Amino acid sequence: MIAINEKGYYGDFGGAYIPEMLHPNVEELRQHYVQIMQEDSFQKEFQQLLKDYVGRPSPLYLAKSLSEHYQTTIYLKREDLNHTGAHKINNTIGQILMAKRLGKTRIIAETGAGQHGVATATVCALMGIQCIVYMGAVDIERQAPNVSRMRMLGAEVRPAVSGSQTLKDATNEAIRDWINNPVDTHYIIGSVVGPHPYPDMVARFQSVISEEMKWQLEEHTGKANPDMIVACVGGGSNAAGAFYHYLNEKDVRLVAVEAAGLGINSGESAATSVLGTEGVIHGSRTLLMQTSDGQIVEPYSISAGLDYPGIGPLHAHLIKSGRAEAVSITDDDALEAAFFLSRKEGIIPALETAHAFSALDKISFQRDDVIVICLSGRGDKDLNTYIKHLDRFSGIGKIS
Ligand SMILES: *Cc1c(COP(=O)(O)O)cnc(C)c1O
């Protein structure tokens, strides 16, 4: 059985490595999260919002041209069609309802590219709750449209000006805020990372993805189980959601796709499962990229959502135990896959998601396999990057 134990471990990975001062906040959440999520009134409100606000169930789409090209059967789980354009809203809806049940009146979040910040600002606007998003000063410069979106939605964006002024510095600022505001504030973490119970709570909120996949596949193919599920992994929340209800179904291959940046051995990469070693980052024991004396190595990927030096403890466990296969994809391969999917299926994916599609060129499968790819988000936010590469990749050889 693959399940979290009562201390928050998946095998060797997970737990809650937090400063003493954060203990009351995390402990309050740990004691109540499962019970609150199981209440009828919680489930009713959560399901209703997923349906009417997010637009679920997201379609499971048979990608005919892609299937023909790869000589197999490929379905796309269309998280790109959710409100705000990705899977992240599934988690922020769940956590805002959790915060309300815990009596919290103030929300904080960290964001890198701004996608989680926008998803958090959105649900805070929906519920009329104060929202503060910490973001590295460098990222505020780089991600101006998302900063404007958050402000338009009523959130306050606070710059993190220490260190490299990016995601990990924003995370440190958010933790500091939470320590200073333990009573009224809930911290919405954006992936299956952080101290227990966050990885498990976020995985449960995202598990709606595989819950829907089961009945949708049954409808399409007569069988609830595919042969393989492929998803990209930054922290790992869309992959956790897509894998969740198949974790103990041994006949389903699970493929986790990471960013290799400029190449695994280039020094500019985020391929944690290959380069990572065991250590503690952001409150949990997992695989992370670090030097021999424990300094975190700055990660790199063209896609901001995969540019993270660790992976969630669930994925560290799945990969180390052999339950999941890890594949690493470079910037260039991801770009090529994004242009290819756009031409073949009329779907422009997020750069993160494009990594998952590129994995089709790296893994083996059979003609009669059924493969599901989690199409985690749409590519509108990445248009500036795509425009830079338009000449290089339109008319590439693969596209006949
Ligand atoms: C944020 C993001 C990711 C990476 O986050 P996970 O927690 O690994 O899912 C992947 N795809 C899209 C579209 C994103 O916005």
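Computed from heavy atoms alone, side chains included, the values below leave out hydrogens, waters and symmetry copies. When a ligand or atom number is given, it counts from 1 through the structure's own listing order. Remember, it's a predicted structure, so these values are computed and weren't measured experimentally.
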Distance filter under 4.0 Å to [X] heavy atoms, resulting ligand 1 atoms:
X      : answer
Gly234 : 8 (O)
Ser191 : 6 (P), 7 (O)
Gly377 : 13 (C)

- Which residue pairs satisfy the side chain to side chain donor-acceptor pair (under 3.5 Å) criterion with at least one member in residues 192-201, sequence neighbours excluded?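 For residues 192-201, and leaving out neighbouring residues, the side chain to side chain donor-acceptor pair (under 3.5 Å) pairs sorted by first residue read Tyr33-Asp200, Asp200-Arg204.
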Can you tell which part of [X] has a heavy atom less than 4.0 Å from ligand 1: side chain, backbone, both or neither?
X      : result
Ala350 : side chain
Val233 : backbone
Glu79  : neither
His116 : neither

Suppose we measure from [atom] to each protein heavy atom; which comes out shortest, and what is that distance?
atom                    : answer
atom 15 (O) of ligand 1 : Lys88 NZ, 2.6 Å
atom 12 (C) of ligand 1 : Ser376 OG, 3.5 Å
atom 10 (C) of ligand 1 : Glu352 CB, 3.5 Å
atom 4 (C) of ligand 1  : Gly305 O, 3.4 Å

Under a plain distance cut-off of 3.5 Å, with no hydrogens placed, do [Y] and [X] share a side-chain donor-acceptor pair?
X      : Y      : value
Tyr134 : Arg158 : yes
Glu211 : Tyr244 : no
Asn5   : Tyr10  : no
Asp169 : Ser164 : yes
Gln47  : Gln43  : yes
Lys104 : Thr185 : no
Glu79  : Asn82  : yes

Is there any N or O on [X] that sits under 3.5 Å from an N or O of ligand 1?
X      : answer
Lys381 : no
Ser237 : yes
Ala239 : no
Ala86  : no

- Measuring from the heavy atoms of Arg378, does anything fall under 4.0 Å of ligand 1?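 No, Arg378 has no heavy atoms under 4.0 Å from ligand 1.
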- Check Thr272, Val233, Leu167 against Tyr308 for a side chain to side chain contact (heavy atoms under 4.5 Å, CB included) and give me the one that passes. Leu167
- Task: Under the side-chain hydrogen bond (donor to acceptor under 3.5 Å, both in side chains) rule, what do Asp331 and Tyr300 come out as? Steps first, then yes or no, please.
- Result: CA-CA 10 Å; Asp331 289 358; Tyr300 165 79; 2.5 Å; yes
- Task: Run down the list Ser303, Gly312, Gly236 and name the one with the heavy atom closest to atom 8 (O) of ligand 1.
- Result: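 Of the listed residues, Gly236 has the closest heavy atom.
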- What residue pairs, at least two apart or across chains, pass salt bridge (charged side-chain N to carboxylate O under 4.0 Å, His left out) with a residue in residues 288-309? Lys168-Glu298
